[in-house]
2 protein chains.
Amino acid sequence: MPGELEIISRIRERARKSVDVRIGIGDDAAVIETGGDMDLLACSDLMVEGIHFRTEWSEPRLLGRKSLAVTLSDVAAMGGAPRFAMVSIAITARLAPNFVDELIEGIFGMADEAGVSVIGGDTSSSRDSLFIDTSVIGQCGKGEAVTRSGALAGDRIYVTGTLGASALGLRLLERGLRPGKPGADGVKDRLRLRAMLRHLAPEPRLSFGRAMGEGRLATAMIDISDGLSTDLWHVLEESRVGAVIQGQAIPVDECAAALAEQAGEAALTLALNGGEEYELLFTARAENDDRIVEVANSLGVKVSAIGEITGEEGLRLELGGRIEPLPARGFQHII
Amino acid sequence: MPGELEIISRIRERARKSVDVRIGIGDDAAVIETGGDMDLLACSDLMVEGIHFRTEWSEPRLLGRKSLAVTLSDVAAMGGAPRFAMVSIAITARLAPNFVDELIEGIFGMADEAGVSVIGGDTSSSRDSLFIDTSVIGQCGKGEAVTRSGALAGDRIYVTGTLGASALGLRLLERGLRPGKPGADGVKDRLRLRAMLRHLAPEPRLSFGRAMGEGRLATAMIDISDGLSTDLWHVLEESRVGAVIQGQAIPVDECAAALAEQAGEAALTLALNGGEEYELLFTARAENDDRIVEVANSLGVKVSAIGEITGEEGLRLELGGRIEPLPARGFQHII
């Protein structure tokens with residue numbers, strides 16, 4: 001069976017774009033020109049039981065919420081506003097009677113929060129696994145979409161929020177911890193709960209992403225779904241540039257800082273390689289730094305400058321006075 | 001576990017429409033006003049292994065083709081033109097190495113034929129079942145979308161093509177027949193092959209559906225995915241009208257006529273209740289009959305007038321001088 005990246009690469013090679021498809025397969029969302037003053041954005045995300053989640057990890061409401069949140073995040077990563085969603089669900093016979101109701105409630109709750117109308121979808125039964133595929137249609141001003149390919153040498157690299165918590169939360173869930181089961185130690189319980197909820201209920205950066213698009217403040221943008229190192233590699237490859245990032249500038253989440261070692265990982269490794277963060281990673285001209293900080297402050301979003309785009313290709317990490325190559329997902333091999 | 005209709009009804013109740021959603025959940029596709037002179041159409045269709053298909057029934061190319069064809073058919077049923085598609089696929093480890101390539105080739109082949117650009121989607125592995133969800137974005141002139149709710153008393157009821165072959169093909173496939181395995185009897189082989197291919201490779205009525213929308217010729221339209229009786233019931237319920245259809249006017253496919261009895265069914269039962277036909281069922285003012293016949297002839301599409309919309313609610317079948325109620329999917333109980 002071919003791997004996911006191989007399949008995507010074959011699909012991408014095979015796809016032909018009509019003239020009104022400005023960006024096709026290969027970015028967070030496709031960009032379609034409408035002829036009017038708005039461009040359309042479109043994207044899908046698939047969540048499969050046993051691959052992306054287990055039903056016993058959380059209440060179904062959070063699962064429904066996340067299934068739409070991850071797709072909304074793709075629209076945010078293009079600098080656009082999500083508007084419409086379609087949801088296809090295949091459910092198994094072993095689910096509890098109220099499971100589907102709560103799952104749907106979670107999807108609609110997320111849609112309401114984001115100002116998105118659920119306009120369609122499909123339902124089916126499934127023999128074995130629960131499947132949820134969400135498609136989102138969004139919009140942005142004509143030519144405003146922020147792609148992965150616009151990073152320029154000299155741009156600063158930024159990331160929203162803090163990193164490492166979602167990957168830590170996943171490890172805790174895999175070890176049998178659950179959000180509803182507090183233990184004996186108050187502080188650690190709070191941090192563990194925080195980590196698990198960062199994994200189970202990610203908050204897409206909708207307002208911030210939209211502000212970057214509207215203000216034309218970012219040269220390239222992507223959401224962190226595969227991990228900072230991998231997603232930065234995507235930007236570098238599409239933009240044909242390189243980067244140096246500063247290890248000490250990476251905003252490691254407090255729970256990763258406190259609990260990573262117990263989970264058998266360095267906190268920085270989790271922050272660099274942990275996936276499913278749904279924070280935004282973007283690049284911008286240095287002269288826009290003040291405006292970016294202003295937008296971040298006005299929206300209450302933490303933003304960290306973590307490095308710089310270079311003309312020389314490749315991704316390097318500066319840490320403790322040393323600079324070393326940083327492969328996608330490969331940080332664990334060099335620390 | 002709630003049934004599919006119950007889930008859809010809950011989703012439909014829960015959905016709130018923003019002002020630019022002219023038609024939301026509950027028709028073949030959603031209709032979105034763009035503010036310009038075109039409306040957008042959007043819909044999804046989900047196919048799950050073991051529920052909608054078995055991988056051993058056909059070459060993967062046909063499966064890929066059908067997974068997109070059924071969603072394109074929904075856009076045709078709104079009188080629109082499909083433009084863009086997104087495809088989410090979850091694949092299992094047991095599939096042959098070239099299976100995914102051929103599946104993708106089938107999807108792109110259908111997209112090319114329909115003039116549709118594949119602009120995105122998602123891929124995943126799956127533990128047990130192959131899962132294909134396709135979403136299509138189409139367009140039609142502002143206000144031209146043909147819904148299920150516009151049928152008026154006195155309208156004629158029409159159907160494209162012939163009916164009953166797909167359901168017969170499904171029964172043959174379930175009994176172990178395959179398109180690639182010819183038997184001894186030439187005529188029956190041709191008819192059996194025809195039936196199986198009508199199930200495995202349905203041809204969406206894209207040009208005809210579009211012509212009905214552009215010409216504003218149909219008052220209501222739906223594609224036959226659940227079976228003529230059930231899909232006509234959908235139109236009657238949404239339009240708050242009734243209908244009388246003539247049994248002898250139903251265009252029974254030649255293979256259903258020849259082979260239905262061997263399959264333990266009456267040919268007319270298959271034609272009235274057999275699903276997955278992807279023919280168009282529509283209603284039109286009687287004065288448009290000439291223009292409809294003209295469009296059908298110019299596109300080489302067979303169209304049959306099968307009955308009339310009545311002010312009195314309910315669906316009745318006239319057959320052999322008797323008129324009897326025709327429940328959705330219920331014809332087998334009264335023949």
Side-chain angles (χ1 to χ4, degrees), chain A residues 1-2 4 7-8 10-11 14-18 20-21 24-25 29-30 32 34-36 40 42-52 83-84 86-93 95 97 100-101 104-105 108 112 115 117-129 131 133 135 137, chain B residues 1-2 4 7-8 10-11 14-18 21 24-25 29-30 32 34-36 38 40 42-52 83-84 86-93 95 97 100-101 104-105 108 112 115 117-129 131 133 135 137:
Chain A
M1 188 184 75
E4 184 175 351
I7 297 171
I8 291 171
R10 287 183 207 173
I11 292 177
R14 179 63 179 76
R16 289 177 206 135
K17 293 193 301 187
S18 61
D20 46 4
V21 179
I25 294 165
I32 300 165
T34 61
L40 284 182
C43 50
S44 298
D45 261 302
L46 179 57
M47 288 180 62
V48 180
E49 183 180 355
I51 307 295
H52 298 90
R83 296 296 317 284
F84 311 105
M86 293 190 286
V87 181
S88 291
I89 311 174
I91 54 175
T92 56
L95 296 174
V100 177
D101 279 345
I104 291 170
E105 196 48 46
F108 275 98
D112 289 348
S117 298
V118 178
I119 59 171
D122 198 5
T123 60
S124 168
S125 49
S126 169
R127 294 178 303 183
D128 319 284
S129 300
F131 293 86
D133 188 37
S135 300
I137 299 173
Chain B
M1 187 184 74
E4 182 175 353
I7 296 171
I8 292 171
R10 287 185 208 173
I11 291 177
R14 178 62 178 76
R16 290 179 205 133
K17 294 194 300 187
S18 62
V21 178
I25 294 166
I32 299 166
T34 60
M38 298 301 277
L40 284 182
C43 49
S44 298
D45 260 302
L46 179 58
M47 287 180 63
V48 180
E49 183 180 355
I51 308 295
H52 299 90
R83 297 294 319 282
F84 310 104
M86 292 190 285
V87 181
S88 292
I89 311 175
I91 54 174
T92 57
L95 296 174
V100 176
D101 280 345
I104 291 170
E105 197 48 47
F108 276 99
D112 290 347
S117 299
V118 178
I119 58 171
D122 198 4
T123 60
S124 168
S125 49
S126 168
R127 295 178 302 184
D128 319 285
S129 300
F131 170 97
D133 188 38
S135 301
I137 300 174

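Just so it is clear, the model here is predicted, and its values are computed rather than measured. Just so it is clear, the values below take in all heavy atoms, side chains as well, and ignore hydrogens, waters and symmetry mates. Just so it is clear: chains get the letters A, B, ... in the order the sequence lines come, proteins before strands, and each one is counted from 1.
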Does the side chain of [Y] come within less than 4.5 Å of [X]'s, by heavy atoms?
X	Y	value
Ile32(B)	Phe84(A)	yes
Ile137(B)	Ile137(A)	yes
Ser129(A)	Phe131(B)	no
Val87(B)	Ile11(A)	no

For Leu46(B), is it the side chain, the backbone, both or neither that has a heavy atom under 4.5 Å from a heavy atom of chain A?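 Both the backbone and the side chain of Leu46(B) come within 4.5 Å of chain A.
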Checking Val118(B) against chain A: side chain, backbone, both or neither under 4.5 Å from a heavy atom? both
Flag the one option from [options] with the top tally of heavy-atom pairs under 4.5 Å to chain B.
options	answer
Ile89(A), Val21(A), Ile104(A), Asp133(A)	Asp133(A)
Ser126(A), Gly36(A), Gly35(A), Gly120(A)	Ser126(A)
Thr34(A), Ile25(A), Leu40(A)	Ile25(A)

Can Asp101(A) and Arg14(B) be counted as an ion pair, charged N to O under 4.0 angstrom?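 Arg14(B) and Asp101(A): not salt-bridged.
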Nearest heavy-atom neighbours spanning Ser124(A) and Ile51(B): OG-CG2, 3.7 Å
Minimum heavy-atom separation for Arg83(B) and Asp20(A), please, with both atom names.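 Closest heavy-atom pair between Arg83(B) and Asp20(A): NH2-OD2, 2.7 Å.
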Heavy-atom pair count under 4.5 Å with chain A, highest-scoring of Ala90(B), Gly121(B), Ala30(B), Ser88(B):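 Max contact count across the listed options: Ser88(B).
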How many angstroms lie between CD1 in Ile119(A) and SG in Cys43(B), if you round to the nearest 0.5 Å?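 Answer for the CD1-SG pair, Ile119(A) versus Cys43(B), is 9.0 Å.
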